[in-house]
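Order of the sequence lines sets the chain letters (A, B, ...), proteins ahead of strands, with each chain counted from 1.
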Protein chains: 2
Amino acid sequence: MLVRINTAPRMSIDGHLAALAGEGMCYSEFRYRRGLEIFGEGEEPEYVYQIVSGAVRTYKLLPDGRRQINAFHLAGDMFGFENEAIHRFTAEAIVETHAHLMRRSSILEAVRNGGAGTKDLIKFVTQNLAHAESHMLLLGRKTSLERVTAFLLEMDERLHHPDVMILPMSRRDIADYLGLTLETVSRALSILRDEGLLRFDGNTQRRLELVDRDALAKIDA
Amino acid sequence: MLVRINTAPRMSIDGHLAALAGEGMCYSEFRYRRGLEIFGEGEEPEYVYQIVSGAVRTYKLLPDGRRQINAFHLAGDMFGFENEAIHRFTAEAIVETHAHLMRRSSILEAVRNGGAGTKDLIKFVTQNLAHAESHMLLLGRKTSLERVTAFLLEMDERLHHPDVMILPMSRRDIADYLGLTLETVSRALSILRDEGLLRFDGNTQRRLELVDRDALAKIDA
DNA sequence: CGCGGAGTTGATGATCTTCAAACATGGTGG
DNA sequence: CCACCATGTTTGAAGATCATCAACTCCGCG
C-alpha cells in the first residue's frame, strides 16, 4: 500500500523528533485511520508529530469550503510544530498512518534551555518556509501542466525515485495542493501519459511510473 | 551603488535585529535607491536586513521571466535571514530604502551559543511561514477580487489603518504578488472604487482610502 | 512640448472550471 | 464468489474567469 522508509528509532542522530528534544525524551506512538483528523485549525497545539508510516495532508479552508493543501507529509517527515498558541491549519491522515508524538512543551523547554535541538528546530521551520516559497511560485505563476509535472517530480524525489510511485492521495487532494480542480489534474496526467512521459501501473490510477524524468523536468519550468 | 551611512552600537529594544544578536552587536546602515537589487537569488547570504524606511520586494523568477513576489517588506520589517548557504530569492528596493544590516555570522553564532535571540529567530521564521501559508491559500483558491481585497486589507493593517494609504509598489508588483496580471488588478480596484468601498486620493493612483473596511473584509472570504 | 512610465479600459481569446456522463475500483455482505 | 454500492477517475461539452493584445489617458519631467 504505502511506500515506507526506514522507521528511525529514537536514538538516530538525524531523526527529527529525537534531535529536537535531545536523547532520553520519550514519545508515544499513535495510529490514525484513513481520513481521521489529527488536529484542527485553531486548536491548541499539544504535540509535534513524526510519521513512521502513512501520509498526512495539512490544509486551510475558506468559509465556503474551498481548500488549499499546504503540504503532504510522508514517512519520516515531521509536522505540527507551532510557535504560537494555536494550530494554523488542519492535519488529516490520508491513509492509515503511524506517528510518533512528542509533547510540544518538551521541545519549547529544550529551546529555552539552549538545547542542542534548537538548531534543528530552526532548520525544520526554515525548510518548511523554503517549500512554501517554492509552492507560492507554482500557485501564482505556473500552468496546470507545469504544476502537475512539478508535483510528480516532487513526489518522485521524496520517495527516492522508485520504479513505481505509489501515491497515497486522491486526485482531489492533488488538485487542492496545486490550486486546480481534480478534472484538470486528471487531464494533465492523461496528456503526460499520452506523450509517453509516464505510465499507469496496472489498472489502478495511483500507481505510476515516470518513464522520462528528463522530459518531465523540462516541462516543469 | 551602496552608500554606507554610519555605524551604530545598538538599537531599540524591540527592534528585531538587536533582539537577535543581543546587545553590543554592531550594525551598519545602508541606503538603496529605487529599483536596486539588495541581494540576488542563489547568492551567498552575508547580512540580515531591517528596514528603517522604504519598501522591499522579495521574489522568485521562472526561466522565462514569470515572477512571483513572496512578500513586501515595509519599515520595521526584517528580511534576508537564511539558514542555508544561499539566498532562496531576490530582494529589491521598491522605493528609496534605508536599512540596518547585521552580519549573518553574528546571528548564527548567537544561536550556537544559546543566545537570547534564538527564540526571536524562531518566531521570525515562523511568522514568515504563517504568512506564506495564508498566501498559498490566496494564490491557490481565491478569486481576483478576493485577492486584491485581501491585499488592500493586509497593507491597511501593516500600515496601521491610515486615513490615506500610500502604496509604494506598482500595479505590476501587486499583480506579481497576487498571481494575476496588472490589468486584472486594475480592473478589480476599479470595481471596488465604483462600488464605493475605496477612493483614489487626488488624481494619483497610489494613494487610496479604504472607505468601507467591513465591506472589504466581507469580500475577502 | 514631447517623451516615457504608469494606469485604465475595451475587445478578444486561452486556460481552466463547471456540469455531466460513463466507467473503474474496492470494500461489504448476501 | 459475486452483486452491489459508494467512491474515485476519466473524458466531453459548455461556460466563466482571467490573460493577452491594444488603444488611450494621465502625470511627471527633461
Side-chain angles (χ1 to χ4, degrees), chain A residues 1-2 33-35 57 62 64-68 94-96 138-149 151-152 166-195 198-208 219 221, chain B residues 34-35 57 62 64-68 94-95 138-149 151-152 166-195 198-208 219 221:
Chain A
M1 324 237 277
L2 194 65
R33 284 215 288 270
R34 176 185 148 85
R57 60 182 167 243
L62 288 174
D64 64 359
R66 282 173 285 174
R67 182 177 70 156
Q68 177 63 43
I94 298 176
V95 294
E96 170 101 4
L138 179 149
L139 293 170
R141 288 298 179 221
K142 290 188 182 177
T143 67
S144 63
L145 197 62
E146 289 167 348
R147 293 183 200 204
V148 171
T149 304
F151 167 75
L152 292 172
I166 301 169
L167 296 175
M169 68 291 284
S170 69
R171 298 291 188 262
R172 172 168 294 280
D173 284 339
I174 299 172
D176 285 349
Y177 179 58
L178 299 178
L180 300 170
T181 60
L182 64 92
E183 293 95 332
T184 300
V185 170
S186 177
R187 280 183 240 274
L189 288 172
S190 297
I191 289 173
L192 295 173
R193 177 202 56 199
D194 293 348
E195 307 238 321
L198 65 83
R199 256 197 296 268
F200 288 101
D201 187 62
N203 32 17
T204 148
Q205 291 91 344
R206 302 228 188 149
R207 302 166 57 91
L208 44 87
I219 289 177
Chain B
R34 176 185 148 83
R57 59 182 168 242
L62 289 173
D64 64 359
R66 280 173 285 174
R67 182 177 71 157
Q68 178 63 42
I94 298 176
V95 293
L138 178 149
L139 292 170
R141 289 299 178 220
K142 290 188 182 178
T143 67
S144 61
L145 197 61
E146 289 167 348
R147 294 182 200 205
V148 171
T149 304
F151 166 75
L152 292 172
I166 301 172
L167 297 175
M169 68 289 283
S170 69
R171 297 292 188 262
R172 171 169 296 280
D173 284 338
I174 298 172
D176 285 349
Y177 179 58
L178 299 178
L180 299 170
T181 60
L182 64 92
E183 291 96 331
T184 300
V185 170
S186 179
R187 280 184 240 273
L189 288 172
S190 296
I191 289 173
L192 295 173
R193 177 203 55 198
D194 293 348
E195 308 237 321
L198 65 82
R199 255 198 297 268
F200 289 101
D201 186 61
N203 29 19
T204 146
Q205 291 92 345
R206 301 229 188 148
R207 301 165 58 90
L208 45 87
I219 289 177

Length of the CZ-P vector between B/R66 and C/dT15, whole Å: 12 Å

Set of residues satisfying side-chain contact (heavy atoms from CB on, under 4.5 Å) with respect to A/R187, sequence neighbours excluded: A/E183

Whole-Å distance separating the CG atom of B/L180 from the C1' atom of D/dC18: 8 Å

Interatomic distance, A/Y177 atom OH to A/L138 atom CG [nearest 0.5 angstrom]: 7.5 Å

Candidates C/dA6, C/dT8, C/dT17 - which lies nearest the side chain of A/T181: C/dT17

Audit row: A/L208, A/I166, side chain to side chain contact (heavy atoms under 4.5 Å, CB included) steps and yes/no: CA-CA 7 Å; A/L208 44 87; A/I166 301 169; over 6 Å; no

Gap between atoms CZ and P, on A/R141 and D/dC18 respectively (whole Å): 13 Å

Verdict with reasoning, B/V148 to B/L180, per side chain to side chain contact (heavy atoms under 4.5 Å, CB included): CA-CA 9 Å; B/V148 171; B/L180 299 170; 4.3 Å; yes

Protein-to-nucleotide contact annotation, 5' to 3' order, nucleotides 23-30 of chain D [B base; S sugar-phosphate only; - none; under 4.0 Å, heavy atom]: ----S---

B/R206 side chain, from C-beta outward: closest of D/dT10, C/dA6, C/dC16: C/dA6

Rounded interatomic separation in angstrom, taking CG from A/L198 and P from D/dT10: 10 Å

Upstream residue (5' side of DNA chain C) when A/L145 and B/S170 are each assigned their closest nucleotide: B/S170

Donor-acceptor contact below 3.5 Å, side chain A/T149 vs main chain A/L145: yes

Whole-Å distance separating the CG atom of A/L182 from the P atom of C/dT18: 10 Å

Exam field: side chain B/S190 to backbone B/S186, donor-acceptor pair closer than 3.5 Å: yes

Where A/L189 and A/F200 come nearest, the two heavy atoms and their spacing: CB-CZ, 4.3 Å

Stretch residues 183-194 of chain B: residues that reach within less than 4.0 Å of DNA chain D through a heavy atom: B/E183, B/T184, B/R187

Spacing of A/E96 atom CD relative to C/dG27 atom P, expressed in whole Å: 13 Å

Atom pairs and distances, donor-acceptor, side-chain atoms in residues 168-175 of chain B, under 3.5 Å, two or more places apart:
residue	atom	partner	partner atom	Å
B/S170	OG	B/R172	N	3.3
B/S170	OG	B/D173	N	3.1
B/R171	NH1	B/Q205	O	3.4
B/R171	NH2	B/Q205	O	2.9
B/D173	OD1	B/R57	NH1	3.3
B/D173	OD1	B/R67	NH2	2.8
B/D173	OD2	B/R57	NH1	2.9

Separation of C/dT17 P from A/L178 CG (nearest whole Å): 10 Å

Nearest-0.5 Å distance, NZ of residue A/K142 to CZ of residue A/R147: 9.5 Å

Pairing stems for DNA chain D [at least three consecutive pairs; Watson-Crick or G-U; under 3.5 angstrom]: C:1-30 with D:1-30

Polar side-chain atom of A/Q68 near backbone of A/D176 as donor-acceptor pair, under 3.5 Å: yes

Phosphate-side-chain proximity, A/R172 and D/dG8, N/O vs OP1/OP2 below 4.0 Å: no

Given DNA chain D, 5'-ward residue of the pair A/R34 and B/G179, judged by closest heavy atom: A/R34

By side-chain hydrogen bond (donor to acceptor under 3.5 Å, both in side chains) - contacts of B/R66 (at least two apart): A/E146, B/D64

Distance in angstrom units between B/D173 CG and C/dG5 C1', rounded: 13 Å

Sidechain N-carboxylate O distance under 4.0 Å for A/D201, A/R206: no

